[in-house]
Amino acid sequence: MLQKPRGTRDFLPEEMESRREVERRMREVARTWGYREICTPEFEELELFTIRSGEGIIQEMYVFEDKGGRKLALRPELTAPVLRMYVNEGRTLSKPLRWFYFADCFRYERPQKGRYRQFWQFGVELIGADSALAEAEVIMLANEILSVSGITFSLHVGHLSFMRTLLGELEPEDQKKARMFLDKKDRRGLEDYLSSRGHAGLSERLVALADCRDLNEVFAITGESQDMERIADLFRILDQSNIRYTLNPGIARGLDYYTGMVFEAFAEGLGAENQVLGGGAYRLAHLFGGEDTPSCGFAVGFDRVMVARGEHDLPGRVAIGVAFTPEGREWALAAAKEFRNAGIVTMLDLSGKSLGQQISHISRTADYALIIGSRERDERCVTLKDLRTGTQKELSLFDAVSEVSGGDPR
RNA sequence: GCCAGGGUGGGGUAGUUGGUUAUCCUAGGGGACUGUGGAUCCCCCGACCCGGGUUCGAGUCUCGGCCCUGGCCCCA
């Protein structure tokens with residue numbers, strides 16, 4: 001038997017409905033903040049992704065050549081494509097642009113819990129706004145989107161300025177190493193490394209900084225800086241908005257990518273891959289031939305959100321099945337049309353078996369059986385059987401529709 | 001790329017120190033039953049992940065691969 005490709009998944013109707021429901025809620029929140037949906041190609045020129053991240057990521061992407069010899073890649077993320085799109089066709093639109101997307105991405109990695117080779121991201125980009133309020137807006141939006149998705153999460157907000165100030169005295173190579181140790185929370189490793197590079201005093205300050213949960217403590221370590229007031233304002237806005245977050249100056253990941261504010265969210269019950277959201281302020285447009293444009297955004301790992309939610313039963317829709325005899329078929333077709341016009345899920349029996357067998361089959365997938373034979377046809381009525389109670393009555397078509405409309409699904 | 005544990009019909013399972021036709025439940029299909037049957041009865045379908053090796057004989061032992069589940073690495 002043929003198997004699906006490694007790291008991909010099939011979704012049965014139940015799971016799909018539950019995914020669509022969460023997706024719908026996320027879209028709805030984004031819309032109420034004025035963000036509008038966009039869509040970019042499933043694959044792009046390979047170069048779009050290597051410009052920023054280097055050739056090294058090719059081995060973690062689905063890369064291929066088309067019949068014209070073009071080097072292409074399935075998109076591994078959406079920020080670069082969205083900014084490419086902005087440079088191509090969004091430059092003359094009035095700023096700021098508020099865009100969101102829900103799309104699948106592909107990465108050639110080892111699958112594990114919450115990590116697949118095809119996965120979905122819900123993301124937001126706010127392009128062309130450069131203020132504390134813009135950054136705060138994106139964080140607040142992220143917070144609301146995760147909230148409506150029904151998961152328990154913690155939000156960590158940091159700023160690269162803190163770390164940069166301290167790391168400034170190091171060579172770029174050493175900065176990278178130091179960040180790696182910080183990210184892994186390997187304090188001994190950090191200390192040993194920095195001592196060996198002649199910066200013995202620095203590790204203590206870095207560790208202290210990563211531990212800070214209060215802005216005043218942070219500034220006590222980093223000293224005064226130019227953007228101090230703006231950073232303070234960002235956190236002031238978050239506090240005024242009653243967002244629950246943790247100040248985390250230790251966020252060290254993706255420093256090459258982001259330029260200022262950075263934030264992440266973590267959910268419970270996900271094992272090693274517990275990050276469900278990442279975002280921050282960045283500048284990418286100039287890499288793709290546009291003007292240097294301040295932007296910020298985030299991406300939600302949709303599949304991880306679904307894993308973190310666990311099993312949820314969705315309320316189903318009321319459904320009816322129509323059982324009929326050959327003489328009743330025409331009237332049954334007309335009746336089914338009426339029910340569907342009223343928005344009721346209506347399934348005709350396709351087997352042509354005896355009424356008893358039809359009802360037996362209908363009872364597995366529907367809440368009501370509509371029974372139509374020559375008697376109903378002659379009297380222009382229908383027999384409606386409530387399959388949960390077993391009671392049935394003969395009604396006019398109009399009354400039957402309103403009866404079912406008012407009923408609850410199983 | 002590395003480590004650990006797994007892989008028996010669609011789903012869930014039993015299978016002893018290697019030994020006849022691989023167990024049970026469930027789902028699915030068909031039939032009896034022609035206006036009540038969500039039933040009942042009967043029947044059917046369908047599996048040892050793949051490939052080598054050991055053996056008279058492998059679901060069982062062994063090696064390699066694939067896949068799954070976790071963890072490491074990475075995470076734009």
Side-chain angles (χ1 to χ4, degrees), chain A residues 1-10 12 44 46 48-61 73-84 105-117 119 121 123 179-180 183-184 252-258 262 264 269-280 282 284 287 297-299 301 304 307 321 323-328 332 349 351-378 382-394 410:
Chain A
M1 204 183 344
L2 286 169
Q3 303 290 323
K4 60 184 178 299
R6 180 159 202 210
T8 63
R9 290 155 298 157
D10 295 319
L12 288 166
E44 295 270 2
L46 173 61
L48 175 63
F49 303 110
T50 54
I51 283 181
R52 190 191 65 239
S53 310
E55 304 283 318
I57 56 158
I58 289 178
Q59 55 180 334
E60 284 160 12
M61 285 197 290
L74 297 183
R75 58 183 174 211
E77 52 112 18
L78 267 292
T79 302
V82 169
L83 268 289
R84 191 230 72 219
C105 308
F106 303 84
R107 293 185 191 179
Y108 194 84
E109 294 180 297
R110 184 98 164 71
Q112 54 187 273
K113 187 172 192 178
R115 175 194 275 189
Y116 308 97
R117 288 184 171 181
F119 59 97
Q121 287 194 336
R179 276 191 263 132
M180 201 186 73
D183 198 46
K184 284 192 203 163
R253 221 173 255 192
L255 258 158
D256 322 316
Y257 184 98
Y258 294 114
V262 284
E264 300 177 333
L270 274 173
E273 304 288 326
N274 65 340
Q275 189 181 341
V276 291
L277 176 146
Y282 60 89
L284 279 181
L287 289 178
F298 63 84
R304 292 184 188 174
V307 173
F324 55 94
T325 62
E327 308 79 59
D349 177 88
S351 73
K353 293 178 185 169
S354 74
L355 280 181
Q357 282 171 303
Q358 293 185 42
I359 293 166
S360 166
H361 191 258
I362 287 167
S363 67
R364 277 183 262 178
T365 52
D367 307 291
Y368 294 91
L370 196 68
I371 300 158
I372 294 175
S374 49
R375 198 168 69 231
E376 285 83 1
R377 177 197 58 188
D378 295 342
V382 295
T383 298
L384 183 69
K385 184 185 182 84
D386 186 330
L387 292 168
R388 292 155 302 186
T389 61
T391 58
Q392 66 179 57
K393 28 189 164 174
E394 238 174 70
R410 58 166 71 190

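Lettering of chains follows the sequences in order, A, B, ..., and the numbering in each one begins at 1. Treat the numbers as computed from the prediction; the structure is a model and nothing was measured.
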Undergrad: Shortest non-hydrogen contact from A:Q121 to A:L78?
TA: OE1-N, 4.2 Å
Undergrad: Under 4.0 Å from OP1 or OP2 of B:G70: is there any side-chain N or O of A:Q112 that close?
TA: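 False: A:Q112 side-chain N/O out of range (4.0 Å or more) of B:G70 OP1/OP2.
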Undergrad: Indicate, with a heavy-atom threshold strictly under 4.0 Å, whether A:G390 touches base, sugar-phosphate, or nothing.
TA: base
Undergrad: What is the separation between atom NE2 on A:H361 and atom P on B:A39, rounded to the nearest whole Å?
TA: 11 Å
Undergrad: State whether A:R52 and A:E77 are salt-bridged, where the test is any N-O pair (Lys NZ or Arg NE/NH1/NH2 against Asp/Glu carboxylate O) under 4.0 Å.
TA: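 Answer for the salt bridge query: yes.
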Undergrad: Between B:U36, B:C74, B:G31, which one does the side chain of A:E109 approach most closely?
TA: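 Looking only at side-chain atoms, A:E109 lies closest to B:C74.
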Undergrad: Is there side-chain contact between A:R6 and A:P111, with at least one heavy-atom pair below 4.5 Å?
TA: yes
Undergrad: Specify the residue among A:P5 and A:F49 whose closest nucleotide of RNA chain B lies further upstream toward the 5′ end.
TA: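 Result of the comparison: A:P5.
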Undergrad: Report yes if some heavy atom in the side chain of A:R117 is under 4.5 Å from a heavy atom in the side chain of A:E109; otherwise report no.
TA: no
Undergrad: What about A:Q358, does its side chain sit under 3.5 Å from the base of B:U36 through a donor-acceptor pair?
TA: no
Undergrad: Give me the distance, rounded to whole Å, that separates B:C3 from B:G46 when you measure between the P atoms they each carry.
TA: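 Each nucleotide's P atom is 40 Å from the other's.
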Undergrad: Quick one: label A:E376 by what it contacts on the DNA or RNA (base, sugar-phosphate, nothing), any heavy atom closer than 4.0 Å.
TA: base
Undergrad: Using distance alone, with no hydrogens and no angle criterion, decide if A:S354 and A:Q357 have a side-chain donor and acceptor under 3.5 Å apart.
TA: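 Looking only at side-chain atoms, A:Q357 and A:S354 do form a donor-acceptor pair, the distance falling under 3.5 Å.
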Undergrad: Is A:R377 close to A:F324 at the side-chain level, that is, under 4.5 Å between some pair of heavy atoms?
TA: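 Answer no - side chains too far apart.
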Undergrad: So what does A:S374 touch, heavy atoms closer than 4.0 Å: a base, only the sugar-phosphate, or nothing?
TA: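 If one applies the 4.0 Å heavy-atom cut-off, A:S374 turns out to touch a base.
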Undergrad: Between A:G114 and A:T325, name the one whose nearest nucleotide on RNA chain B is closer to the 5' end.
TA: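 The answer here is A:T325.
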Undergrad: Give the rounded distance in Å between these two atoms: CG of A:D10 and P of B:C67.
TA: 16 Å
Undergrad: Under 4.0 Å between any heavy atoms, over every strand shown, what does A:E60 touch: base, sugar-phosphate, or nothing? Just pick one.
TA: base
Undergrad: Across all strands, who's sitting opposite B:C73 as a Watson-Crick or G-U wobble pair, both distances under 3.5 Å?
TA: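 Checking every strand shown, B:C73 finds no partner, since no pair has both distances under 3.5 Å.
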Undergrad: Rounded off to whole Å, could you give me the CZ-to-P distance for the A:R9 and B:C67 pair?
TA: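 About 16 Å, once rounded to whole Å.
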Undergrad: With sugar-phosphate meaning primed atoms plus P, OP1 and OP2, does A:G7 contact a base, only sugar-phosphate, or nothing at under 4.0 Å between heavy atoms?
TA: sugar-phosphate
Undergrad: Please determine, for the side chain of A:S360, which listed nucleotide (B:A76, B:A39, B:C73) has the closest atom?
TA: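 For the A:S360 side chain, the nearest candidate turns out to be B:A39.
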Undergrad: For A:R117 and B:C66, what is the distance between atoms CZ and C1' respectively, to the nearest whole Å?
TA: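 Answer to the nearest Å: 12 Å.
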Undergrad: From the set B:G35, B:A76, B:G71, return the single nucleotide nearest to any side-chain atom of A:P76.
TA: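 The answer is B:A76.
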Undergrad: Could you measure between the two C1' atoms, the one in B:C25 and the one in B:C72, and give it in whole Å?
TA: 40 Å
Undergrad: Among the candidates B:A76, B:C74, B:G35, find the nucleotide nearest to the side-chain atoms of A:E77.
TA: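 Per side-chain heavy atoms of A:E77, the pick is B:A76.
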Undergrad: Using purine N1 to pyrimidine N3 plus N6-O4 or O6-N4 for Watson-Crick, or N1-O2 and O6-N3 for G-U wobble, both under 3.5 Å, which nucleotide pairs with B:C61?
TA: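 Paired with B:C61, as far as the under-3.5 Å criterion goes, is B:G53.
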Undergrad: Rounded off to whole Å, could you give me the CZ-to-P distance for the A:R375 and B:U34 pair?
TA: 17 Å
Undergrad: What's the CD-P distance between A:Q357 and B:A32, to the nearest Å?
TA: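 Rounded to whole Å, this separation is 7 Å.
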Undergrad: Who is the Watson-Crick or G-U wobble partner of B:C67, with both distances under 3.5 Å?
TA: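 B:C67 is paired, partner B:G6.
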Undergrad: What is the distance from NZ of A:K113 to P of B:G71, rounded to the nearest Å?
TA: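 The distance from NZ of A:K113 to P of B:G71 comes to 7 Å, rounded to the nearest Å.
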Undergrad: Atom NZ of A:K393 and atom C1' of B:G35: how far apart are they, to the nearest Å?
TA: 20 Å
Undergrad: Below 3.5 Å, does any donor atom in the side chain of A:R110 face an acceptor in the base of B:G70, or the other way round?
TA: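 Answer is yes: a donor-acceptor pair is held.
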Undergrad: Would you measure the distance from the P atom in B:A4 across to the matching atom in B:U54 and give it in whole Å?
TA: 27 Å
Undergrad: Nearest to the side chain of A:K385, which nucleotide is it out of B:C67, B:U36, B:A76?
TA: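 Out of B:C67, B:U36, B:A76, the nucleotide with an atom closest to A:K385's side chain is B:U36.
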Undergrad: How far does the C1' atom of B:C50 sit from the matching atom of B:A58, given to the nearest Å?
TA: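 That atom pair is separated by 15 Å.
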Undergrad: Could you give the distance separating B:C45 and B:G5 at their P atoms, to the nearest angstrom?
TA: 39 Å
Undergrad: Do A:L384 and A:Q392 have side-chain heavy atoms sitting under 4.5 Å apart?
TA: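 A:L384 does not reach A:Q392 side chain to side chain.
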Undergrad: Using the side chain to side chain donor-acceptor pair (under 3.5 Å) rule, take A:Y116 and A:R107 through it: C-alpha gap first, then chi angles, then the decisive distance, then the call.
TA: CA-CA 8 Å; A:Y116 308 97; A:R107 293 185 191 179; over 6 Å; no
Undergrad: Using atom C1' of each nucleotide, how far apart are B:G64 and B:G10 to the nearest Å?
TA: 30 Å
Undergrad: Using the C1' atoms only, state how far B:G70 lies from B:U26, rounded to an integer number of Å.
TA: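 29 Å, rounded to whole Å.
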Undergrad: From B:G35, B:G29, B:C68, pick the nucleotide closest to the side chain of A:R364?
TA: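 Looking only at heavy atoms from C-beta outward on A:R364, the closest nucleotide is B:G29.
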Undergrad: Below the 4.0 Å mark, does B:C67 have OP1 or OP2 next to a side-chain nitrogen or oxygen of A:R6?
TA: yes
Undergrad: Suppose you measure atom P in B:G1 against the same atom in B:G57; what distance do you get, rounded to whole Å?
TA: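 Each nucleotide's P atom is 36 Å from the other's.
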